[in-house]
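Data first, discussion second: the structure below is written as structure tokens.
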Amino acid sequence: MDLMTITCERVVSPLPPEDLDALIEATSAGILDGGGFGWLQPPGHQALARYFEGLLLVPERSFYVVRENGVICGAGQLVRPPASYEAHAATANLTGFFVAPYARGRGLGRALLEAMLKGAKAIGCKVVNCDIRETHVAAIGLFRSFEFEHWGTHPYYARIGGQTVRGLFLSKLLANENEAARWQSNIAMPDASGSASSTAPEPKANAPAHGLTLYPAIDLKDGACVRLRRGEMEDATHYSDDPGAQAKLFAEAGCRHLHVVDLNGAFAGRSTNIPAIESIVKATNLPVQLGGGIRDMAAIERWLEAGVSRVILGSVAVKDPELVRQAARAFPGRIVAGIDARQGRVATEGWAEVSELEANDLALRMEDAGVAAVIFTEITRDGMLAGLDLEQTADMARRLSIPVIASGGVGSLEHLKALRDVARDVPGISGAIVGRALYDGRIKLKDALDVLGSC
């Protein structure tokens, strides 16, 4: 009788073709057996290949596989909150956990879960959370055998075959006995007024804010770097004919990210400033997030393969939300929603059209679709140097569990300080896009980076 060998590992580099094929086969079987990853039917080999390859590009995700006699038969992911979410820094969410139906009942799920919990402890996690369909009885039993606590039930978790399926929320405390006792003694309880109180010490008034990321903007029109006022193409200020050189200047000054918009593309509905964008990507090793006229899967794939780090979907978020959902599944962590608004109403087509849709409503839909972050711009302030719309930005960030990047109106260092101060109370705000003020010299890059604590 052959001996069965079970091994688990964290995947840190692209899988060889035979391993990727085995993983896709196991995933497809798991989806057919009861759904998973948000799919009711397997999306196909190519889509799953992109999905798993994309996981390795997301630093907040740790991806594990389990093998039987060397063949991958299951997988799982540990998802940590963004670095700006200080209050949740010790937590991780366990998701995408499955063992193929043809390999169940042989201890693979237990081995995989043990490896993932050990990995969670190794990165400093004190709590692991997960949610699971009530119909996945065997998986629920596995988690409970590892002392996961069932603390809540979602009555409308999923719709499967026309039926509503409930979902269970489970958590496991990984802290040792002393830490657990200390945590539990400091649990915040509502007081008579309904506000949370705790025996934990109050934070110091001068406690530093979490680091915010500075995204210097490179807006492209007819191959040149420009800045618009209130999104009007006729009201553009020309700054540079060499976008690649501009990207190098930002990198040399200490910036760690770039924000690029194809303005012509936003109006045309397709990428237009292609050579300029390619020159920016080649000029530095900085992550580039790109928006403007990207409105189908082919364009998304084209730019991600060309070296763009994240793609910003704007108008298509309103007009084709299913595309956003598909892209977020295929490229986890690499799809961002760009929400531009005039006085709270979403604008599309390069800001030329204003819909009746509220910005916050669209943001919640995009979060549900799986985007990695939201960029919020109040158009009436963009390029006007009068300051960000902090009230709208903070309101949106409070409603979402994904990061919100502020944009539109930064004209002085005081505006960035004001954003930093708001972000102390609203950690969902993760950064700011700054354009005209940097080009005009109203803000020095070093000062901006110092204020935001760029990460």
Side-chain angles (χ1 to χ4, degrees), residues 57 213-228 231 233 236-296 299-317 327 331 333-340 350-351 371-377 379 382-383 403 405-408 410 430-439 445 448 454:
L57 301 173
T213 301
L214 174 68
Y215 295 87
I218 302 178
D219 289 355
L220 301 171
K221 179 185 178 187
D222 304 329
C225 302
V226 305
R227 286 300 291 169
L228 306 185
M233 287 289 274
T237 303
H238 182 283
Y239 287 105
S240 172
D241 287 319
D242 192 339
Q246 185 63 59
K248 280 186 177 180
L249 288 175
F250 285 138
E252 290 168 357
C255 295
R256 299 187 182 182
H257 298 265
L258 296 174
H259 174 82
V260 179
V261 177
D262 181 349
L263 295 173
N264 301 101
F267 283 89
R270 55 181 174 76
S271 296
T272 301
N273 288 283
I274 294 174
I277 298 168
E278 291 175 338
S279 72
I280 292 169
V281 172
K282 292 176 182 177
T284 79
N285 292 322
L286 298 183
V288 174
Q289 59 184 26
L290 171 67
I294 303 174
R295 298 180 189 172
D296 57 45
I300 294 168
E301 293 178 5
R302 182 249 189 275
W303 284 117
L304 292 178
E305 290 175 359
V308 167
S309 176
R310 302 200 301 190
V311 165
I312 306 164
L313 301 181
S315 297
V316 75
F331 305 105
R334 306 186 73 186
I335 305 300
V336 175
I339 299 181
D340 308 320
W351 301 350
V371 300
V374 167
I375 298 171
F376 175 66
T377 305
I379 299 169
D382 189 70
I405 300 168
S407 174
V410 174
S430 67
I433 295 169
V434 185
R436 181 181 292 271
L438 293 176
Y439 291 97
L445 264 172
S454 184

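Below, each value reflects all heavy atoms present in this structure, side chains not excepted, and no hydrogens, waters or symmetry copies. If you're wondering where the values come from, they're calculated on a predicted model, not measured in any experiment.
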* How close do Ser240 and Gln246 get, heavy atom to heavy atom, and via which atoms? -> CB-OE1, 4.2 Å
* Is there a side-chain contact between Ile335 and Ile300, using heavy atoms and a 4.5 Å cut-off? -> yes
* Listed partners of Asp222 passing side chain to side chain contact (heavy atoms under 4.5 Å, CB included), at least two apart -> Asn264
* Has the side chain of Asp241 got a donor or acceptor atom that lies under 3.5 Å from a matching backbone atom of Ala224? -> no
* Structure fact -> CG of Leu258 to CG of Leu214, rounded to nearest 0.5 Å, is 9.5 Å
* **Atom of Ala217, atom of Tyr439 and distance for their closest heavy-atom approach** => O-OH, 2.6 Å
* Residue pairs fulfilling side-chain hydrogen bond (donor to acceptor under 3.5 Å, both in side chains) with at least one residue in residues 275-290, sequence neighbours excluded -> His259-Gln289, Glu278-Arg302, Gln289-Arg310
* Output the distance between atom OG (Ser315) and atom CG (Asp340), rounded to the nearest 0.5 Å. => 8.0 Å
* **Taking every non-hydrogen atom, the tightest pair across Ala372 and Pro403** => O-CD, 3.3 Å
* Nearest 0.5 Å, what's the CD1-CG distance between Ile274 and Leu220? -> 11.5 Å
* List the atom of Leu286, the atom of His257, and the distance in Å for their closest heavy-atom pair. => CD1-N, 4.4 Å
* Structure fact -> Minimal heavy-atom distance between Asp262 and Gly265, with the atoms involved, is OD1-N, 2.8 Å
* Asked: Are any of the side-chain heavy atoms of Val434 and Pro216 separated by less than 4.5 Å?
  -> no
* Side chains of Val336 and Leu313 in contact at under 4.5 Å (non-hydrogen atoms) -> no
* To do: State, with a plain yes or no, whether a side-chain heavy atom of Arg256 is found less than 4.5 Å away from one of Thr213.
  => no
* Measure the shortest side-chain to side-chain distance between Leu445 and Cys255 over non-hydrogen atoms and say whether it is less than 4.5 angstrom. => yes
* Quick one: does Ile277's side chain get under 4.5 Å of Trp303's, heavy atoms only? -> yes
* Sequence neighbours excluded, which residues qualify as side chain to side chain contact (heavy atoms under 4.5 Å, CB included) partners of Ala245? -> Asp242
* Determine the minimum heavy-atom distance between Thr377 and Gly408, stating which atoms define it. => CG2-CA, 4.1 Å
* Just by modelled atom types, is the Ile218 backbone N or O under 3.5 Å from a matching donor or acceptor in the Tyr239 side chain? -> no
* Counting only N and O atoms by type, is there a donor-acceptor contact under 3.5 Å from the side chain of Arg436 to the main-chain atoms of Val226? -> no
* Do Ile405 and Val374 touch side chain to side chain, with heavy atoms closer than 4.5 Å? -> no
* **From CD1 (Ile375) to OH (Tyr215), nearest 0.5 Å** => 7.5 Å
* **Name of the residue among Val311, Val308, Val316 meeting side-chain contact (heavy atoms from CB on, under 4.5 Å) with Ile294** => Val311
* Asked: Do Asn273 and Leu263 come close enough that some side-chain heavy atom pair is under 4.5 Å?
  -> no
